[in-house]
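Working notes, beginning with the structure itself.
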Amino acid sequence: MLGTSAVIFVPDDTAKTGLPRPLMLQNVLGAPLLAWLANTLLEDGVSRFFLVCREEFSDCALACMPKEAEVTATRDSNP
């Protein structure tokens with residue numbers, strides 16, 4: 001049986017915010033916002049993730065994903 005899946009977009013909003021990383025990768029209460037989102041989805045039954053982000057942020061974004069989840073990510077300069 002296939003598990004529940006989620007597609008997560010990490011937009012490159014650095015030009016708008018002036019921050020070095022997208023808002024989804026900024027820490028909120030000690031952890032990146034993306035980690036909070038992914039862990040909450042995992043607790044709610046999502047077991048597979050498709051992560052869409054720019055190549056320069058993909059390693060940081062992948063580090064935010066739960067270890068027990070199945071994660072596929074784009075590594076595109078213009079996702």
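Computed from a predicted model, the values in this text were never measured in an experiment.
With hydrogens and angles disregarded, a donor-acceptor distance shorter than 3.5 Å links the side chain of Asp12 to the backbone of Thr14.
Results of the side-chain contact (heavy atoms from CB on, under 4.5 Å) test with Leu51 over Val7, Thr72, Ile8, Thr74 single out Ile8 as the only residue that passes.
In the hydrophobic cluster analysis, where Ile, Leu, Val, Met, Phe, Trp and Tyr join through side-chain heavy atoms closer than 4.5 angstrom, Val46 is grouped apart from Val52. Under the 4.5 Å side-chain heavy-atom criterion for ILVMFWY residues, no single connected hydrophobic cluster contains both Leu25 and Leu23. Cluster membership check: Phe50 shares its hydrophobic cluster with Phe9, using side-chain heavy-atom separations under 4.5 Å among Ile, Leu, Val, Met, Phe, Trp and Tyr.
Taking every heavy atom of both residues into account, Asp13 and Pro22 meet most closely at OD1-CA, 3.1 Å. The heavy-atom pair separating Gln26 from Arg21 by the smallest distance is NE2-O, 3.0 Å.
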Show every donor-acceptor pair shorter than 3.5 Å between a side-chain atom in residues 61-70 and any protein atom, with sequence neighbours excluded, or say none if there are none.
none

Give every donor-acceptor pair under 3.5 Å between a side-chain atom in residues 34-42 and any protein atom, sequence neighbours left out.
residue, atom, partner, partner atom, Å
Trp36, NE1, Val28, O, 3.0
Trp36, NE1, Ala31, O, 3.4
Asn39, ND2, Ala35, O, 3.0
Thr40, OG1, Trp36, O, 2.8

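Side-chain contact between Val10 and Phe57 is absent, with no heavy-atom pair separated by less than 4.5 Å.
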